Structure formats: structure tokens, C-alpha cells
Amino acid sequence: MNKKFAQVIIDNKSSSTDKPYTYLIDSDLVELVEEGMRVLVPFGLGNRVVKGIVIKIEENYFGSHKLKKIIDVIDDKPLISKDLIDLSIWMSEKYLSPYIDAFKAVLPPGDFKEVKTNILLEEVHDDIYNTLDTLEKSVVTIIHNNKGKIELGELKEQMNNRLTNKIIRQLESKGILTTSMEIQTSIEPKYEKYVYLKNRFNSREELNQKIGKRSYKQLEIAEFLFDKGEIPLKELMMEVNSSISTIKSMEKKGLIQIVNREIFRSPIKEDISPYKKHELTLEQRNCFDTIMDHINRNQSSKFLIHGVTGSGKTEIYLQLVEEMINKGKESIVLVPEISLTPQTVQRFVGRFGDRVAVLHSKLSYGERFDQWRKIREGKVKIAVGARSAVFAPFSNLGLIVIDEEHESTYKSSMNPKYDTLQVAEKRCDQFGSTLVIASATPSVESYYRSIKGEYKLLNLNKRIMNRELPFVKIIDMREELNSGNKSIFSKELYEAIEENLKDNKQTILFLNRRGHSTFVSCRQCGYVVKCNKCSISMTYHLKENRLKCHYCGLAISPPNICPVCKSKYIKYFGIGTEKVEEFTKRLFPNAVVKRMDLDTTSKKGSYESILNNMKEEKIDILIGTQMVAKGLDFKNVTLVGIIAADTSLNLPDFRSPERTFQLITQVAGRAGRGDFEGKVIVQTYNPEHYSIQLAQEYNYLAFYNKEVLIRKEFNYPPFTNIISIIIYGEDVKRVIIKSKEFYKILINNLKQINLIDFVDNIIGPFPAPLERIKNNYRYQIIIKCKNEYLDKLKTAIEWVFIYNRYKVDVTGIKFNIDINPNSIL
Ligand code: ADP
Ligand code: ZN
Ligand code: ZN
């Protein structure tokens, strides 16, 4: 007896059942079950029949349990390939994620349990039909009676025979059936009839001989098909002005073939114009050649391109992708959020047309599924998308590009809480492919790694056409106050806007809005209350009238007068885009002012409409958050104002100087992209701060050198890892008791395994910066830990929190564990 054993993951909410279960594969299914296929299995005490995914097939089983048997196999082909299965298991371990969540990241979009397999019947001629055995014949008959198409499950029901899957395979290999995956959505997939010439003719003469001159209509059709190849039936009828009966009779004669082809729902607008290939500049060429050199020598490598805004990074990606296509390999191109970078997508589609799949969160499930399937079935060569596109199911991946690699959207905050860069590295290792990450302002972590030699650093120092980077002017808001101006606009910004309006030029005003973080600062001297130990701005809590450090829990009373200059203008800082809009409209009543932030762009199409109005110069002043900082390219924008650089500088986050430097650089990159010079005005109470000073000079390297020293001194990444554990629930008392209990257990466990002395720091539990979200009270434990000990620590966390091995009653309590979160807010 030829039996095997399958490890199966089941979609179950409970964390105690979140692990692979071993099932027996009986001999009659052994040939049919493959890794990555779904199966029906009995589960739990009542042996409820559930769907699961086979993640591993083994020859032997050494356990002592009596194994249950797999009831049936659902799929005809694996939903996902081996490399993606391995990747999921790797993610679930690396990011302490439930298996099922890690698998959902790589499975087709939507509910994987709803994926169906359609079987389509091709033309079967009598002579072939007669060679089939009885079972094969009955399959063909059932599908034929069902108008040539049937869903696999239904077919199996009608056949009522365990061999059905096997028969389908046989028929598939004979070219009688084709199968395709589909997901149940409200939108039905569309099919269209296509026509092509059945035989290969080498010349028109050959064609003429076969058909004969007298059937001139048929000849016309055949000649048309000879030139065109395969075309839709409707189109053929129109083009040659022919009736369906003529075409049908040609089909009967075996001259042509009519087939059903599925029409893919496409999220790509059809009117994208071609994007022509540029001759690379010298700088671009050096960069391109270095990468290609490694690829041609079959060295899998990782590159960091540090290129100023407008240095033509995208053209390099495009040409690398083209080389990949020539080598028969596929590429993934990642952008921070597709809706914020429409240009990148347009360029890729403009150059590679329907060889591109686009993946992002605004697509419907049906659309996303279609894109996913096109990739899986090898119909496209390039996937462009937001972070989840890193899972694009290609089978011969040659290249992954990560554009704007410093962006925080590359870190997922939902399970699996993965870091896209790490996942991309892992996938490149699996395939031996090349990784290219790029930014004008690389993250400190990535640059540090390039200095250590883990990434090869490539520089692009000049803008294309040697365009100048815009002039950045820093305005000291303390002086404004001293000269009696209490408005949010400095005199210089006000005048610059006024002048811009007169010249019919456009202005962008930028505000970093993180409403919930208020800090205390002095408007006279710029002093900000910070924690001594952590160098983090302290956050004001209104209810208790206290200032708190979110990294170490220190709490103090806010000062009434400034400890530095003794002024009484020390106050809580925090202003929103709405306020700025209100002020602006009042100050410039004749200008068309529009606001762009999460509130004004939540409706579908509203983001595009604001952008179009901006492009058509119907807006004079655009006010916005992060959204206006990225990728926008308006030729008529000559002025960019940053209302308060301090809001990002004083976020209670160790990355705030880095974010500030990146923001100023990116926002400044929006000005002066056309023929007119651009100007940037940065308002701040901290004009001497290195991140502002160095952003003004566009001096990334100096910024990095300064920042990396601070990271080292205060022990932040890349020198350590930060793990955030949030304990939350609706009953605040219970949350407090349980978080204290878990804290103690964790400490004890770390002592037991001799890890306590190697973990840098464990603090908490204290109220999380966002103490209450959606009726849940949140308490937090923060741990710092070096790379060497991270795996051990993770095991301990898993043991204590996820598996709950100390059997704490956790009713009403949940955990949110994040390794190196974007911010601890
Ligand atoms: P980045 O992504 O580095 O900010 P882009 O790729 O947007 O820069 O390039 C800036 C502009 O320069 C774009 O309009 C692009 O079409 C153009 N460009 C890129 N490479 C070349 C080239 N070799 N010759 C001429 N124009 C180029
Ligand atoms: Zn002061
Ligand atoms: Zn602190």
C-alpha cells in the first residue's frame, strides 16, 4: 500500500488550533494530492468536515496518534507553489504570526475557501472521442451537456466517483479539457469567443490550395485570420462582413477553431499612452551596468540606489525589467501605495502594456483575483504594486525593485506583521534573483546595511537635464512671535503665497498631521520637553495633566514657564489641516483652496479628482498631509510651504528626525519640476535642528552620519530591535491586572532560560500611547533586544503569550505583538 502523510493548515480562528495537523493520504488519493492543494478533512471531536491546505507531504509518520484520513482533494492544481508555502512558514516564525494569517498573505486574494476550478471543454472530434474510456466519456458528456463548462465540485458530484480528479488530468493532458481558477464574486467572469486557423499554413498560396478559389468568402476569412492570428469572433464578423453560418461551416470543415477565452477584468485604464525608452545618462548607465554585470555573472545581489529626486531612477527599473523579459524572467516592482504613485504605474504600463499586472488595495476582490491569476498562469511578466505584491506568485522571478524603500508603508501592521524588505530578500534568496531598493532618502537601517556591505551602494547625484533642486528657506517662527506675528503664516510665507497668486502659479501647503500627539514647546525659544533617558518628545495627556515618555513610562507635570528662557509662551502644540484650510481661506478669500487628506479622499475617485483639478490648474492652493508629499508632478507648482516642521520633529518616536528629513526632501521635490524655479519655505521653532538644517542643504550623508550616532548612543535600531507587546481588552481593570501578570511571567521565563541579562531593556506595562482604541484599553510592554538574542526572545514570547503555556485565564484579553513596528503609537 502506497500511503503518504500530509501536513494540513486549517482556517480556524482559535490560536490553539493554529498549527499544521497531520493526516493520512490513502493510496487512492496519493497521486492526486500535492503540496499547495486544498483538501477536505475531518476536524475536531465531532469530525466536522473542513477545508484546509496541504503544506507538506511526507513519506513517513513517526508520531503515535491515530491519524485521520483526508476525505477528498478539492483542487486540480496547487493554489500556491512550494516557494510561497516555505515563505509563509518562514513569515509565521519570523513575525510571530498565526500560520493561517501568514498563508492568507500568499494565497489568492479573497477567501481561499471560495476559490473554484472551472473546467472548459474543447472541441472533441469523433475519432478522438472513440478512443476514450467509459469514465472519460462520461466526464466529456456531462460537461458537454452543461454547455461546455462546469465547476469542478459540481462535476465531482455528478460523477460521484473518487477517480474524477484523475480523469480530468488525463483529459487535460490529451488537450480535451482546460481548467482555470476563479473566485466567487458578485462580478461574473466574462467569456468571449475567439477564432483562429486550425492548421499552420506557411504561405497564402498554401491556404488558397487548401480552401479552393471558389469558396471566395471562406478564403477571405481564412486570409484575414492568416494575417491576424487569433481574434474575437465578433470582431471577425464585423471586419469581413460575414455571417455566423459561414464561419460555423468553416469550423465544421476543421479549417478554423472557435474557443472560449476569458476576458480579464482590468484595473488598468486603457488610455495610457506609450512611454518611450530614454537613452540612459552617464550616471544612469553606470548604475544600470553595475547591476546587469552582476546579473550576467549569475551573482545574486542586493543593491541600494541612493538617487536624488528626479535623477531618473524609474528609467533604470524599466530597463532592468526589460533585460529580465529578454532572459525569460519575471519582475516585481513595489511602490509605497499605488494610488499615491500613479505615475510609476503609467510608465510601466506605457512601456510594457499588457505584460504588466497591477496589484493594490483599491481593487475589488474580483479584479485582484484576476491580476493574481494572470501572474500565476504566466500571462504577465511584471507585477507593479503596493507591499503585498511582493507575494506575486511568479515561478521564475528574476528581479524585485523596491522604490522609495524608506517609506513606512512597507512595514505591515497587520498579521503577518512583515517587513517588505526582509520578505523581498527572502524571495530573492529562494530564486537566486536580484534585489534593487532605491530612495532619495534611504532609511538609516538600509544605509547602515549598505555601509556594512550587505547592499551594494549606487549613487545618482544629479537630476535629469541637470535641473536644480529647489531653494529651501527656513523661517524661524520664534522671531515671528517676537515681532508680533501670532498667525500660523510667517510674513515671508504669506507674501510668497500672495505673489504666487498674482503670477497665476500654484502653491502646496504641507502639514504633518498626527492629531493625537501633542507635545509641549516654547514659542519663544523653541524648547521642547523631552525625556532625558530616551531623547523622545514627551506627550501631553490632558486627562491627568501630565507629560509622559512613551518609551520608558516617565511622567512629569508640564512646566508653566519655559525652563530655558523663562517665557510664558510655553504651550501645547497641535494643529490640523482643517484649521489651516480655514485660516488660508480667510487670508486669501479670492483663491481656490482645496484640502487633501484622509478625510477628503476617502470616497472613491475623490483623490483623482483633486489631482486632476490640480493638473488643470483649477486649484490655487492645495493643503495636505503626507499625501501631497509623494510622487506628484505638477509643472506649475512653484511654491511649497511646510507649515510646521515641528509636528513631525516632535513625534514621540525615535524616527522623528529621520521622518522630518525625509519629508522636507520629498515635499521640496514637488516644487520647480517645470520650467520655473521652485521655492520651499519651512516654518519651524527649531531652525537649528540638524534634520532641518541638513535637509535644507540636501545633505543626506551628513544627516545619516549624525543620526546613526544618536541611534547608537540611545540604543535604537539598527543597533537593537524593538518589540512591542500590547495587551488589550474592554475591561480596563482586567487589562491592568493581566498585563501585570503577564509581565511577571515573562520576566520569570526569561530568568529561567538565562536570557534576562541579554535583553537590553524591558519596560512596562504602562498605558499605550493610544490608550483606548474602539472601546479597548491598551497596555504596553516594550522590549529592546539585540539581533543575537532575538530568536530566543521570540520563542519566549511565543511560549508565554501565544501558546499561553502558563495557562493564564485570558478571557476578554488579546495581544498585539509587533517586532520593530513603524512607531510605537
Ligand atoms: P526619480 O524616480 O529618480 O525621482 P524620474 O524617474 O521620475 O526620477 O525621472 C525624472 C524625469 O526625467 C522623468 O520625467 C523622466 O521621464 C525623465 N528621464 C529619466 N531618464 C531620462 C533620460 N535618460 N533622458 C531624459 N529624460 C529622462
Ligand atoms: Zn523658551
Ligand atoms: Zn523615556
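Order of appearance sets the numbers: ligands from 1, and atoms from 1 within every ligand. Just so it is clear, the structure is predicted and the values come from calculations on it, not from any experiment. All residue numbers refer to positions in the sequence shown, counting from 1.
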If you measure from each heavy atom of Gly307 to ligand 1, is any distance below 4.0 Å? no
Can you sort out which atoms of ligand 1 are near Glu279, meaning under 4.0 Å from one of its heavy atoms? 22 (C), 23 (N), 24 (N)
Rounded to 10°, how many degrees is the angle SG/Cys531-the Zn ion (ligand 3)-SG/Cys549? 110°
One finds that the ligand 1 atoms under 4.0 Å from a non-hydrogen atom of Thr314 are 2 (O), 6 (O)
Paired with Val333, the side chain to side chain contact (heavy atoms under 4.5 Å, CB included) test is passed by just one of Asp403, Val321, Thr314, namely Val321
Heavy atom of Arg347 under 4.0 Å from ligand 1? yes
Taking the Zn ion (ligand 2) as the apex, Cys565 SG and Cys562 SG span an angle, rounded to 10°, of 110°
Do Lys411 and Asp818 sit within salt-bridge range, that is, some charged N less than 4.0 Å from a carboxylate O? yes
Taking all atoms of both residues into account, what is the closest heavy-atom pair of Glu283 and Asn461, and its distance? OE2-N, 2.8 Å
Is the backbone of Lys530 close enough, under 3.5 Å, to the side chain of Ser537 for a donor and an acceptor to pair up by distance? no
Between Lys381 and Glu322 (salt bridge meaning N to carboxylate O under 4.0 Å), is one present in this structure? no
Taking only non-hydrogen atoms of Ser311 and a 4.0 Å limit, the atoms of ligand 1 in range are 1 (P), 3 (O), 8 (O)
Which segment of Arg463 sits under 4.0 Å of ligand 1 when only heavy atoms are counted: neither
What do we get for Tyr275 next to ligand 1 when only non-hydrogen atoms under 4.0 Å count, side chain, backbone, both or neither? side chain
What about Met465: any of its N or O atoms under 3.5 Å from an N or O on ligand 1? no
Mind checking whether Thr309 contacts ligand 1 via backbone (N, CA, C, O), side chain (CB onward), both or neither, at a 4.0 Å heavy-atom cut-off? backbone
Could you tell me whether Arg478 and Asp476 make a salt bridge, using a distance below 4.0 angstrom between a side-chain N and a carboxylate O? yes
Pair Tyr448 + Phe719: ring centers closer than 6.0 Å: yes
A student comparing Ile464, Thr281, Val308, Ile316 should find that the heavy atom closest to atom 18 (N) of ligand 1 comes from Ile464
Glu407/Arg387 ion pair, N-O < 4.0 Å: no
